[in-house]
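Below is one structure, written out as structure tokens; the observations come after it.
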Amino acid sequence: MTRPDDWHLHLRDGAMLNAIAPESARDFGRAIIMPNLLPPIVTSTQALSYKKRIMAALPDGSNFKPLMTLYLNEKTDKNDLSRAHASGLVIAAKLYPAGATTNSDGGVKDFHKLQPILEHMAEIGMPMCVHGEVTDLDVDIFDREAVFIDRILDPMRCRVPDLKVVMEHITTEEGAEYAKSAPGKLAATITTHHLIINRNHILSGGLRPHYYCLPVAKRETHRLALLKAATSGSECYFLGTDSAPHTDALKENACGCAGIFSATNTVSCLAEIFEAAGALDQLENFTSLSGPKFYGLAPNVDKIHLTKGAPITFPEFIKTHLGPVTVFDPGIDLHWQVSN
Ligand code: DOR
Ligand code: ZN
């Protein structure tokens, strides 16, 4: 099938970047790189130098292409945004509500202040990727996505109807429903892990930090709604792994970091669950066709091959100079081997 792309990826920087970039470059053609570094990537100059560091971390001969994003804030420079978009360096801008997740302290507090920037993005056809969770402490963590759609996202889209929006890593039936309400203008990424785990995986029989991410996995009915959406063939849904490495020391911690690292085995995991859902024929739409269509890009020209055989053993963790990073354990046998 057509080589997949990852429309939502965390590559980090420095020693972590160097260790984990090859994991994504192995199976994926392109990836949208999240800007939540410390400090965040807010200008095109920062994006360009980060892109160079990513390219330097790739194995020799790799054709992997990082698609850069800028971290939106109330002070984002519209001209810098346009130039970066027109040059092809930056594909989208990411909206993090302040405090919603890892390194989002510099995110947006007053969404109304973004109005001129969002209008400008709509004019130049630059999509906004959004982490769709409210951060209000009085809203239950399992309701934060649904509340965000009602209170923030829908009113925002009514104020700027031409803005293209990607709801990142949706985790609920409400998210999947809303994402299909404006094809071509609105879409959603779905992660590999949210198609496989529900909240029991995190909390039942012991606390399992390697299944903790944000937005947190919800109850099984929501997982089933996501699986239905991903396997439907609809162009409103495409893969964004949200593969987000943290060292084991930071995960297995009294205050563990949010993030699941799945770059290493994602394609194999997806083939397994699409097959189990009787929808292997929809895998290519989800991983390789619907994403480029939304972003106005051509699909990759090269192919990967998936071959079914005896269960495959993936590494339990990736070694980095900062310590090991555990690879997502789907809890099922994986039979699909990816090759070029
Ligand atoms: O689980 C997550 N980890 N969710 C995010 O939104 C951010 C990510 C990270 O950067 O670690
Ligand atoms: Zn993310």
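Counting starts at 1 for both ligands and their atoms, in listed order. Please read these numbers as outputs of a predicted model, since none were measured by experiment.
Annotation for ligand 1: atoms under 4.0 Å from non-hydrogen atoms of H131 are 6 (O).
The only option from Y237, F274, W7 that meets the ring-ring contact (aromatic ring centres under 6.0 Å, His included) definition with F286 turns out to be F274.
Under the 4.0 Å criterion applied to side-chain N and carboxylate O atoms, R151 and D136 are assigned as salt-bridge partners. Residues E168 and K94 are not paired through a salt bridge, judged by the lack of any N-O separation under 4.0 Å between the basic side chain and the carboxylate.
In this structure, M34 falls outside the shell of residues with a heavy atom less than 4.0 angstrom from ligand 1.
The residue N103 has no part lying near ligand 1, judged by heavy-atom distances below 4.0 Å. Contacts of R12 with ligand 1, taken as heavy-atom pairs under 4.0 Å, involve the side chain alone. Residue-level proximity to ligand 1 for I260 is absent, since no heavy atom of it falls below 4.0 angstrom.
The closest protein non-hydrogen atom to atom 7 (C) of ligand 1 is T101 OG1, 3.2 Å. The nearest protein atom to atom 3 (N) of ligand 1, hydrogens excluded, is given as A258 O, 2.9 Å; this is a heavy-atom distance. In this structure, the protein non-hydrogen atom closest to atom 4 (N) of ligand 1 is L214 O, 2.7 Å.
At least one N/O/S atom of D242, whether from backbone or side chain, sits less than 2.8 Å from the Zn ion (ligand 2). Not a single N, O or S atom of H169, from either the backbone or the side chain, sits less than 2.8 Å from the Zn ion (ligand 2). With a cut-off of 2.8 Å, the Zn ion (ligand 2) has an N, O or S atom of H10 in range.
Looking at E123, its side chain never comes within 3.5 Å of a backbone N or O of D162 through a donor-acceptor pair. Panel note: side chain Q115, backbone H112; no donor-acceptor pair is recorded below 3.5 Å.
You'll find the side chain of V160 reaches within 4.5 Å of the side chain of L118, heavy atoms only.
Between Y211 and F328, the angle of the ring planes goes over 60°, which puts this pair in the perpendicular group of the 30/60° scheme.
Of the polar atoms of G259, at least one N or O is found under 3.5 Å from an N or O of ligand 1, judged by distance alone. On a distance-only criterion, C213 and ligand 1 share no N/O pair closer than 3.5 Å. Checked against a 3.5 angstrom limit, the closest N/O atoms of A244 and ligand 1 fall outside it. Polar contact with ligand 1: present for T102 (N/O pair, distance under 3.5 Å).
The side-chain tip of R219 does not point at the ring of F142 from less than 6.0 angstrom away and within 45° of straight on.
Between H8 and H169, a ring centre-to-centre spacing shorter than 6.0 Å is recorded.
Summarising the geometry of F64 relative to A31, their closest heavy-atom pair is CZ-CB, 3.5 Å, with the distance given to 0.1 Å.
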